[in-house]
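A short worksheet on the structure shown next.
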2 protein chains.
Amino acid sequence: MHERIVDLLKKNHLSITESRKKILSHFFDANGALAHADIEQKSGTEFDRVTIYRTLQTFVEKGIIHTIPTTDNSVRYALCKDECSAGHHHDDHVHFMCDECGTTYCLDHVTVPKVALPDGFKAMQNDLVVSGLCNKCS
Amino acid sequence: MHERIVDLLKKNHLSITESRKKILSHFFDANGALAHADIEQKSGTEFDRVTIYRTLQTFVEKGIIHTIPTTDNSVRYALCKDECSAGHHHDDHVHFMCDECGTTYCLDHVTVPKVALPDGFKAMQNDLVVSGLCNKCS
DNA sequence: ATATATTTTGCAACAATGTTGCATTGTTAT
DNA sequence: ATAACAATGCAACATTGTTGCAAAATATAT
């Protein structure tokens with residue numbers, strides 16, 4: 001697992017640093033998505049707040065993680081599947097937010113159905129945000 | 001139009017105040033969704049920042065407007081259709097965010113397709129966020 | 001292995017966004 | 001008109017996110 005993290009960083013031409021390794025491992029350990037605050041909590045005072053912001057930003061740019069649109073408008077991040085392309089990734093996601101425990105799941109195996117848009121609208125990316133009760137809370 | 005605003009406030013057992021009328025009229029005038037900053041800009045120094053926050057909060061609670069999950073994680077609000085029920089509203093929305101001009105549209109007439117969730121997951125609300133180019137920018 | 005170039009980090013300062021308590025003002029009901 | 005109630009403005013504060021720059025860590029070339 002640790003090797004996989006280093007490989008992932010190398011593949012994306014990123015310097016192998018403690019903060020990047022640790023933050024990335026938190027994503028591998030987590031079953032759901034993580035918010036900035038979650039990572040800050042897990043890391044303690046190990047890294048500066050700014051470092052976490054910049055690391056997350058870098059990971060998003062490289063397509064290692066992606067941001068999740070949420071109904072409560074908190075910023076959350078989740079690991080991308082290998083197929084996620086960097087930058088303007090045209091890939092669709094289904095996310096599930098539990099109203100009870102707040103956990104956010106990235107449902108990779110569910111495909112987003114295409115919808116018919118009004119004339120002149122061109123869809124580049126589709127994100128479906130489903131909220132309700134997760135399998136642990138129902 | 002102005003009558004409709006007063007009626008809407010009365011129907012929701014809210015006091016008829018200048019700020020509520022003005023803020024609500026901004027939503028009726030806007031073709032897209034509004035962020036807190038948009039309203040602050042449109043209102044100038046007429047109302048306190050806190051009043052705008054509280055007004056938006058009240059409108060959301062009453063089901064007059066709803067928050068929109070966005071890919072860039074900025075908080076946006078849009079008018080609910082009449083069918084929107086207050087509180088835990090089980091109603092689905094399709095929103096379109098233009099990557100070019102940033103305008104967010106609430107596509108009321110497009111229905112959100114139901115997706116199959118893993119066992120134990122119960123969907124209460126579905127929000128589909130489509131991003132790309134709107135009819136003015138394509 | 002060492003020196004150099006490059007990248008990343010931490011710190012400080014700042015900007016933006018959102019929240020809370022309380023006295024004052026405005027709205028509603030009697 | 002008056003009393004009861006609700007909403008507003010102000011001030012102070014908490015949280016979240018951003019930027020510039022010197023110091024430290026990492027990568028590259030010798």
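Hydrogens, waters and symmetry mates are skipped; everything else that's a heavy atom, side chains included, is used. Here is the naming used below: chain letters follow the sequence lines, and residue numbers restart at 1 for every chain.
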Item to complete: Could you tell me whether the side chain of B:Leu24 reaches within less than 4.5 Å of the side chain of B:Leu79, counting heavy atoms only?
Response: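 Sidechains of B:Leu24 and B:Leu79: in contact.
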Rounded to whole angstrom units, what separation is found between the [atom1] atom of [X] and the [atom2] atom of [N]?
X       : N      : atom1 : atom2 : result
B:Arg76 : C:dT17 : CZ    : C1'   : 15 Å
B:Leu14 : D:dA7  : CG    : P     : 7 Å
A:Ile52 : C:dC11 : CD1   : P     : 13 Å
A:Leu9  : D:dT26 : CG    : P     : 12 Å
B:Lys22 : D:dT8  : NZ    : P     : 13 Å
B:Asp48 : C:dT19 : CG    : P     : 14 Å
A:Glu40 : D:dA14 : CD    : P     : 16 Å
A:Tyr53 : C:dT9  : OH    : C1'   : 16 Å

So, OP1 or OP2 of [N]: does either fall under 4.0 Å of a side-chain N or O from [X]?
X       : N      : result
A:Arg20 : C:dT8  : yes
A:Thr51 : C:dG10 : yes
B:Ser19 : D:dA7  : no

Worksheet item: Are any of the side-chain nitrogens in B:Arg76 or B:Asp38 under 4.0 Å away from the carboxylate oxygens of its partner?
Response: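 Salt bridge between B:Arg76 and B:Asp38, a charged N being under 4.0 Å from a carboxylate O: no.
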Worksheet item: Would you say the side chain of B:Arg54 and the base of D:dG9 hold a donor-acceptor pair, judged only by whether the two atoms sit under 3.5 Å apart?
Response: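 Indeed, a donor on one side and an acceptor on the other fall under 3.5 Å apart.
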Practice prompt. Could you check whether the rings of A:His36 and A:Tyr53 sit parallel, tilted or perpendicular, using 30° and 60° as the cut-offs?
Written response: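 Parallel, since the angle between the ring planes stays under 30°.
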Practice prompt. May I ask you to decide if the ring planes of B:His95 and B:His66 are parallel, tilted or perpendicular, using 30° and 60° as cut-offs?
Written response: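 B:His95 and B:His66: tilted rings.
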Item to complete: State which of C:dT9, C:dC11, D:dG17 makes the closest approach to the side chain of A:Val75.
Response: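 Per side-chain heavy atoms of A:Val75, the pick is D:dG17.
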Item to complete: State which of C:dT27, C:dG18, C:dT9 makes the closest approach to the side chain of A:Thr17.
Response: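 Of C:dT27, C:dG18, C:dT9, C:dT9 is nearest to the side chain of A:Thr17.
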Discussion item. On DNA chain D, does the nearest nucleotide to B:Arg49 precede the nearest nucleotide to B:Ser15 from the 5' side, or the other way round? Give the residue.
Written reply: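 It is B:Ser15, whose closest nucleotide lies nearer the 5' terminus.
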Worksheet item: Heavy atoms under 4.0 Å, any strand shown: does A:Glu46 hit a base, just sugar-phosphate, or nothing?
Response: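 If one applies the 4.0 Å heavy-atom cut-off, A:Glu46 turns out to touch the sugar-phosphate alone, with no base involved.
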Item to complete: Could you give me the CA-CA distance, side-chain angles and deciding distance for A:Lys122 and B:Asp99, then say whether salt bridge (charged side-chain N to carboxylate O under 4.0 Å, His left out) is met?
Response: CA-CA 10 Å; A:Lys122 282 184 190 130; B:Asp99 292 331; over 6 Å; no
